[in-house]
Structures are given as structure tokens and as C-alpha cells.
Amino acid sequence: DAKVIAPQLQFHRLQAQLLGNDIWHAPVAIREMPARERRYLEGAVFVSSFDRRSDVARRFTGAYRRRFGVDPGLAAYGYDAARLVIEAWNQGNRSRQDMRDWIAAITAFDGASGTLGFAEGRRTNSGFALMRIGKEGTLARIAVTP
């Protein structure tokens, strides 16, 4: 999205605070943008549930970049979902109901996309950070919620 939006700012001569979502957490893609386009993203703020500081996230991100040459983006969610199902199975939960109950009881799973858990009513909970895009495509964490 950011790659598409940046040239539009210049074309339409817009001056606005850009706000984005998890998909914008692509540091390599942002740094690879031409400098003339990337400069329009400076100061953009986006929310990200990805917490690249955990060991799981660093290992997954590194392996994914080596294999595919890009940041994982939403692939981290798929990886976490698969890990949850495998872990439920390994814990002896063989029926759908047992597996569902085991996963629903998770409160702090250290995943590739960050720490996640499930609240009453099967709602996913995860911490998130507000990130700002700086010069040269750097990303800075500006706020964090638990």
C-alpha cells in the first residue's frame, strides 16, 4: 500500500498525516523504494502487532528473508496458526473440541507475529506498537500497548 500511496501524494500535491496498518510493516520494501518516493512516507504512522524483538520473531523473519528475499508480512500469522495447531496436537488434544478448547485457553503465546492470546468469545488479543517511518525508510517504535 505504501508503495502505491507515496507517488499519489506527489501527483495530487497532498500534505497529510499518513496512517497505515500491519501491512506497512515491511522495512526492506520501504528502504528499496526510490528515495524520491520514500521521502513522502517520512513521518507516516502505522500500527503493527509484529514484535520483531522476540527470539521467535527474529528467527522466523531471518529464515523467511533468506528463503524468499522479502519481509514475511502476513505470513507470520499463518506460521503462528500452524504452530498453535501443532502444539495443541503435541499436547494430546486429538479431537476438534479439545484442540479448540486448548487454543482458546492461550493467553500469552510467543509467536512470530508477536505475543498473542484469546479472550472469552474467541477474540484474538495481541499487543501492538505504533511505528513511524523515518528518513531512509527507518522504522521507529513510538508507542507500545501490552
Legend entry - Ile86/Arg83 under side-chain contact (heavy atoms from CB on, under 4.5 Å): CA gap, chis, key distance, verdict: CA-CA 5 Å; Ile86 291 167; Arg83 282 187 56 222; 5.8 Å; no

Inset, instruction - List for me each residue that meets ring pair (Phe, Tyr, Trp, His ring centres under 6.0 Å) alongside Phe68, sequence neighbours excluded, and say none if there are none. - result: Tyr64

What distance do [X] atom [atom1] and [Y] atom [atom2] have between them, rounded to the nearest 0.5 Å?
| X | Y | atom1 | atom2 | result |
| --- | --- | --- | --- | --- |
| Leu84 | Tyr79 | CG | OH | 11.0 Å |
| Trp102 | Met99 | CH2 | CE | 9.0 Å |
| Thr107 | Leu116 | OG1 | CG | 10.0 Å |
| Ile106 | Thr115 | CD1 | OG1 | 12.0 Å |

Can you give me the closest heavy-atom contact between [X] and [Y], atom names plus distance?
| X | Y | value |
| --- | --- | --- |
| Phe46 | Asn21 | CD1-O, 3.7 Å |
| Phe60 | Ala76 | CE2-CA, 3.6 Å |
| Ile103 | Ala88 | CG1-CB, 4.3 Å |
| Arg31 | Glu136 | CG-O, 3.3 Å |
| Ser113 | Asp80 | OG-OD2, 2.5 Å |

Please enumerate all residues that pass side chain to side chain contact (heavy atoms under 4.5 Å, CB included) together with [X], with sequence neighbours excluded.
| X | value |
| --- | --- |
| Ala63 | Arg66 |
| Arg132 | Val45, Ile142 |
| Ile30 | Arg38, Ile133, Leu139 |
| Glu42 | Arg39, Lys135 |

List for me each residue that meets side chain to side chain donor-acceptor pair (under 3.5 Å) alongside [X], sequence neighbours excluded, and say none if there are none.
| X | result |
| --- | --- |
| Asp110 | none |
| Gln15 | none |
| Gln97 | Asp101 |

Inset, instruction - Evaluate whether atom CZ of Arg94 has more than 12 neighbouring non-hydrogen atoms of other residues, nucleotides or ligands under 6.0 angstrom away. - result: yes

Legend entry - Contact list for residues 84-93, test side-chain hydrogen bond (donor to acceptor under 3.5 Å, both in side chains), sequence neighbours left out: Glu87-Gln91

Legend entry - Within one Ile-Leu-Val-Met-Phe-Trp-Tyr cluster: Leu14 and Trp24, side-chain cutoff 4.5 Å: yes

